[in-house]
Amino acid sequence: MRNAEIANHIAELGTLYEIDGANRFRVIAYKEAAQVIRDAPGSIAEMAKAGTATSLQGIGETIQEKVLALLEEGEIPAARKLKAKYPATLVEVTKIPGLGAKTVRRLYDELGISSLEELEAAAVEQRIRVVRGLGAKVEENVLAELGKLGAGGPKERRLLSEILEVGGELVAALRDSPASDRVELAGSARRRAETCKDIDIVATAADAKALAEVLLRHPLADERGAAGSGGARIVTHNGISVDLRIVPPEEFGNLLQHFTGSKEHNVALRERAQKMGLSVSEHGITDVESGEVTRCDDEIAVYGRLGLAYIEPELRHGGREIAQAAAKELPELIEVGQIRGDLHSHTTLSDGRNSLEEMAAAARGRGYGYLAITDHSATHGFGNDVQPDQLRRRIEEIATYNASAPKGFRLLAGTETNILPDGGVDYGDELLGELDWVVASVHTSFRQGEKKLTDRIISAIEHPLVDCIGHLTGRLLLKREPYDIDVERVIEAAAETGTMLEINGSPRRRDIKEGYARIAAEAGVRIVVTTDAHGAETLANIAYSVATARRAGLGPDQVANSRPWRTFAPLRKRAKQ
DNA sequence: GCCGTTTTCGGCCCGACTGTTTTCAGTCG
């Protein structure tokens, strides 16, 4: 069973307990455990069976046992009991923003509302207002939220690329205003998360109200909230909520830190602070005993006051980064400027939009020393395949290009070969042997089942001429689940054979994800950050690949293509034949 | 239910906002 499914069961049980009126910390424990399970890179099912799930912060013996019961019986006994007491559809009702478990329980007890349909009827008939403490506004809110639910409202998550495009434009407009002083993008976008729900911007201003007006009058704004000296809120035409907060310069660091999150990171930070007799909020850090407040104009001061080294936004997961910062043992993170070449790109020979020369020019423009051209292989289909004789001609073209290429730059002759359903790859060994670089990826038959698919990828890994596995898990963010594979077994095989793993920088892939990247790097697998560029402009997607590497805590030593070609080339499996 | 440079018991982040209410509980990020 997948982590996401297990997490849903644990979260549902938490909500059922909450409806039942359980101790709130117990409820919080279930919700946190669900989040930990959802974010865990390895298989929770396997860990629970081995009894090691309790090694994760937030999972204890009790929840591990509940996971085991879920795996064995397909249901958690405690959840079964509670569902006998409350209709299962009651959990759905708590998903309406503004309605928590307490309110939902009262609606059930007093009005018999147990589903979204009954909730809607009660709101329409104005029956909700008879419950003490609830009024007409609640009915209005319920109907509005039910409407959004049907329309797939503004609460849906977006790809980071979409958020950065809109957020970047708004931040630029705010910075351009003479009313502004400092303006920064905060929130999950600043942490370079895979997907984001909304945009948070924090600022200081010479004229706060005027700056808030800049946001409200921006052409991207559709719905507008009120502008005040504290900030403003809009919803863009494409449905993204944007929140601007403005504070005095002396507490800008506190505000930026707070609204960068993550929530889990902030909670962990405040727990640490509490033990030091300090209380942290977005306005400052208070010494509880003396009442003295420290306001920080930058984040370095915030972390410094708590005895911590500055923590890069990408590392703020709420995990081990705080202990590392306390011990001054934070990893040095890879930067985009340290990347010396890209190892996954396409041209018009397969499904790319630009020619060999155009891709090469773009790579040189980025200051790269090398670019691997890895068009799709012979069985790719969709009319985008490259037959063996075409690939041979391509190798010659690349040799010709390199013969007159500017000093310090070379194209690499490569391929992104399909991993065939039986684990074989396209092209014979002789042709593969003539290439500089071979990426192997799964593009078809990805519903073979875990065992078969894992074995299939491992046989590609064991191929002596396969240098790297492309987009290992095949997921498409917000669209397609990863293939059903045993990633840990794949990582083991990659480590044994010296096969590299890619972090694909397409913003809809980010594959492998940060948790796997960390495990792989720790197992000694060399990681390459690539773009899978299908056009010259998408070479810029290296920023997303690097973002995932940074979130994994990887430094230049672990990212192989931070090396120049001279020292990268010998790391390839083929170089060791 | 989880967890431990105060703790194996007794705690568990902080503040803003909302809608309702005359001082606050619930919800959210």
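Throughout, a chain's letter reflects where its sequence line sits, starting with A, and its residues are numbered from 1.
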Does the cation-pi check pass for A:R26 over A:Y17, that is, NZ or CZ under 6.0 Å from the six-membered ring centre and within 45° of its axis?
-> yes
Distance below 4.0 Å between A:K197 side-chain N/O and B:dG29 OP1 or OP2 = yes
Of all the nucleotides listed (B:dC3, B:dG1, B:dT20), which has the minimum atom distance to the side chain of A:A29?
-> B:dG1
Protein-nucleotide distance (A:E32, atom CD; B:dG11, atom P), rounded to Å | 19 Å
Whole-Å distance between B:dG19 P and A:N141 CG?
-> 7 Å
Base-pairing assignment for B:dT8 (Watson-Crick or G-U wobble, both under 3.5 Å) | none
Quote, to the nearest angstrom, the P distance that separates B:dG15 from B:dT20.
-> 26 Å
Would you kindly compare A:Q57 and A:N266 by the position of their nearest DNA chain B nucleotide and give the one closer to the 5′ end?
-> A:Q57
Looking only at side chains, do A:T204 and A:D181 share a donor and an acceptor under 3.5 Å apart?
-> yes
Pair A:R190 + A:D200: basic N to acidic O under 4.0 Å = no
Determine the interatomic distance between P on B:dT6 and the same-named atom on B:dG11; round to the nearest Å.
-> 16 Å
Taking CZ from A:R245 and P from B:dC28, how many angstroms apart are they, rounded to a whole number?
-> 16 Å
A:D243 CG to B:dG29 P: how many Å, rounded?
-> 11 Å
Gap between atoms CD and P, on A:E61 and B:dT8 respectively (whole Å) | 19 Å
Are A:Y86 and A:R105 linked by a side-chain donor-acceptor pair shorter than 3.5 Å?
-> yes
Nucleic acid contacts - residues 269-305 of chain A versus DNA chain B, non-hydrogen atoms under 4.0 Å | A:R270, A:E271, A:Q274, A:K275, A:S279, A:V280, A:S281, A:E282, A:H283
For B:dT21 and B:dC14, measure between their C1' atoms and round to the nearest Å.
-> 24 Å
Any donor and acceptor pair, going by atom type alone, linking the side chain of A:T260 with main-chain N or O of A:L256 inside 3.5 Å?
-> yes
Carefully, step by step, assess A:E194 and A:K513 under the rule salt bridge (Lys or Arg N to Asp or Glu O under 4.0 Å).
-> CA-CA 9 Å; A:E194 292 163 357; A:K513 64 180 177 181; over 6 Å; no
Do NZ/NE/NH1/NH2 and the carboxylate oxygens of A:R475 and A:E481 come within less than 4.0 Å?
-> no
Let me know the distance between NZ of A:K31 and P of B:dT27, rounded to the nearest Å.
-> 10 Å
Compute whether any side-chain donor of one residue and acceptor of the other, for A:T294 and A:R305, lie under 3.5 angstrom apart.
-> yes
Find which nucleotide of DNA chain B each of A:G100 and A:L56 is nearest to by heavy atoms, and output the residue with the more 5' nucleotide.
-> A:L56
For the residue pair A:H265 and A:Y303, categorise the inter-ring angle as parallel (less than 30°), tilted (30 to 60°) or perpendicular (more than 60°).
-> tilted
Heavy-atom contacts under 4.0 Å between residues 101-125 of chain A and DNA chain B, which residues?
-> A:A101, A:K102, A:T103
Rounded off to whole Å, could you give me the CD-to-C1' distance for the A:E264 and B:dG29 pair?
-> 11 Å
Between the side chains of A:N8 and A:E12, does any donor sit under 3.5 Å from an acceptor?
-> no
Whole-Å gap separating P (B:dG29) and CG (A:L255) | 17 Å
Rounded distance in Å between the C1' positions of B:dC13 and B:dC3 | 16 Å
Give, ordered by number, those residues of residues 1-28 of chain A having at least one heavy-atom distance below 4.0 Å to an atom of DNA chain B; if nothing qualifies, reply none.
-> A:N23, A:F25, A:R26
Does the A:Q274 side chain pair with the main chain of A:R270, one donor and one acceptor, at a distance under 3.5 Å?
-> no
So, are A:R316 and A:E299 salt-bridged, with charged N and O less than 4.0 Å apart?
-> yes
Which whole number of Å gives the distance between the C1' atom of B:dC17 and that of B:dC12?
-> 24 Å
Give A:A186 one of three labels, base, sugar-phosphate or nothing, depending on what nucleic acid heavy atoms sit under 4.0 Å from its own.
-> nothing
C1' spacing across the pair B:dT23 / B:dG10, given as an integer number of angstrom = 29 Å
Looking only at side chains, do A:N504 and A:S506 share a donor and an acceptor under 3.5 Å apart?
-> no
Candidates B:dG29, B:dG1, B:dT20 - which lies nearest the side chain of A:T62 | B:dG1
